[in-house]
Amino acid sequence: RSAVRSFTNVLYDYQDDFYPEMKWDRLLWSSNRNLRKADIKRTKPLASFSDVKNALSFIEDRYEDEEKDSVKLRIAVILGFYAGLRISEIFHIHVSDLMPDGGYTLYVRKSKSSSGKRCIPLSLLLPEGYLKDVVDFFRISDSQGKTNIFAESEPYAESRDCSRKIRKIFAKIGADIGFHDLRHSFSNWFLLRGIAAISEARYLPPYAPFFKEELFSDKYLKRIREIMHGFGELSTGQSLFSYILPALAKLLGHAGPVTTVSSYIHI
């Protein structure tokens, strides 16, 4: 970027000398010279836990599609908000991708980049009630002889259709939230949970309403520490060092924390 900027500086100063025959009009550089991203047209919303609970209840109680689609929608919302999956990744999941290993780990086999192939420790991320829903969905799909448990034939087209349906569902409960916003929300809630887990909430306001949520209880903050530090004894000084951003980058399937911070952290 600095090289392009230097080039345009030189070109601006010497354009008439370099290209006298072209007689370029001198541009209004103050407005046309900015080398930056276009303004973001839509602010990313932070989906609250109550937004997601309300949407899941709406799907379960009132959504009038076929029953199998209703279950798929619920599981997709759970995996997007509580595990940070992209909708296209969800629609490429196979029955064999859920691996029991003392808990349950989900293998993301197809993603937009090579670093997107990853293992998600669902047992450490999901509330236990929603984890049971996900596991039951896989077991039922397995008993029905399915391989790809979300897509019938066209994963990308079906994932887009599912994304549109989920946006409409959130609109029904009064929330302007799209599916990809769930992944962004996962990122920011994980960051807050990580800060709470390693600092015992010293750096967060104790009156913050999110501390009433299940995932901010001691039981679930312990699981966040396990994601960051592993299950063994901590090395000297390790408890004082934060692995939050590298761990989050890995969970999201990013090549490193820079992408995570620059594109996904909004709080």
Side-chain angles (χ1 to χ4, degrees), residues 45-95 97-98 100 103-106 108 120-153 155 157-190 193 209-210 212-217 219-220 223:
L46 180 65
S48 68
F49 292 94
S50 59
D51 287 332
V52 173
K53 290 173 186 174
N54 291 339
L56 292 174
S57 297
F58 181 90
I59 295 170
E60 189 173 21
D61 299 335
R62 298 171 56 190
Y63 198 69
E64 297 298 332
D65 252 8
E66 297 179 11
E67 183 180 350
K68 63 177 182 178
D69 288 340
S70 177
V71 175
K72 284 182 181 180
L73 289 169
R74 287 191 81 251
I75 300 303
V77 170
I78 290 170
L79 292 178
F81 182 74
Y82 289 102
L85 270 71
R86 300 178 177 93
I87 190 66
S88 59
E89 293 171 340
I90 290 172
F91 271 76
H92 283 91
I93 290 175
H94 291 188
V95 170
D97 293 338
L98 185 68
Y104 288 96
T105 298
L106 181 66
V108 179
I120 307 291
L122 295 184
S123 297
L124 297 178
L125 289 172
L126 272 60
E128 290 172 0
Y130 292 149
L131 177 64
K132 182 179 182 304
D133 290 344
V134 172
V135 173
D136 288 347
F137 178 65
F138 273 79
R139 286 175 176 166
I140 292 171
S141 300
D142 190 24
S143 68
Q144 294 172 344
K146 293 184 178 181
T147 302
N148 188 323
I149 63 175
F150 281 90
E152 300 295 333
S153 58
E158 292 173 44
S159 69
R160 289 193 296 271
D161 182 56
C162 179
S163 184
R164 285 191 292 269
K165 288 180 180 179
I166 288 173
R167 176 176 284 284
K168 291 179 180 178
I169 289 167
F170 276 101
K172 290 282 188 181
I173 64 167
D176 182 20
I177 294 171
F179 188 88
H180 201 66
D181 299 328
L182 299 178
R183 177 172 158 87
H184 280 251
S185 299
F186 164 79
S187 307
N188 289 273
W189 286 121
F190 184 90
R193 291 165 65 197
F210 54 73
K212 298 177 183 178
E213 298 293 339
E214 182 181 17
L215 291 188
F216 279 87
S217 66
K219 171 179 162 182
Y220 285 95
R223 296 179 184 181

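For this chain, numbers begin at 1 and follow the sequence in order. Values below: all heavy atoms of this structure, side chains included; hydrogens, waters and symmetry mates excluded.
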Practice problem: Would you please classify the geometry between the Phe210 ring and the Phe216 ring as parallel, tilted or perpendicular, with 30° and 60° separating the classes? | Solution: tilted
Practice problem: Apply salt bridge (charged side-chain N to carboxylate O under 4.0 Å, His left out) to Lys172 and list each qualifying residue two or more places apart in sequence or on a separate chain. | Solution: none
Practice problem: Kindly compute the distance separating CD1 (Ile93) from CG (Leu85), expressed to the nearest 0.5 Å. | Solution: 5.5 Å
Practice problem: Please work out whether the ring planes of Trp189 and Phe49 are parallel, tilted or perpendicular, with thresholds of 30° and 60°. | Solution: tilted
Exercise. Calculate, to the nearest 0.5 Å, the distance between atoms CD and OG belonging to Glu158 and Ser153 respectively.
Key: 5.0 Å
Practice problem: Using side chain to side chain donor-acceptor pair (under 3.5 Å) as the criterion, list what pairs up with Tyr130, not counting sequence neighbours. | Solution: none
Quiz item: Could you give the distance from CZ (Phe179) to CZ (Arg167), rounded to the nearest 0.5 Å?
Solution: 12.0 Å
Exercise. Would you please name every residue forming a side-chain contact (heavy atoms from CB on, under 4.5 Å) with Val134, sequence neighbours left out?
Key: Ile75, Ile78, Leu79, Leu122, Leu126, Phe138
Quiz item: Ser57: what forms a side-chain contact (heavy atoms from CB on, under 4.5 Å) with it, not counting sequence neighbours?
Solution: Asp61
Practice problem: Could you tell me the separation between the OG atom of Ser185 and the CG atom of Asp51, rounded to the nearest 0.5 Å? | Solution: 8.5 Å
Practice problem: Applying salt bridge (charged side-chain N to carboxylate O under 4.0 Å, His left out), name anything that partners Arg223, two or more places apart in sequence or on another chain. | Solution: Glu128
Quiz item: Does a side-chain heavy-atom distance below 4.5 Å link Ser123 with Leu131?
Solution: yes
Quiz item: Who passes side-chain contact (heavy atoms from CB on, under 4.5 Å) against Ala157, sequence neighbours left out?
Solution: Glu154, Arg160
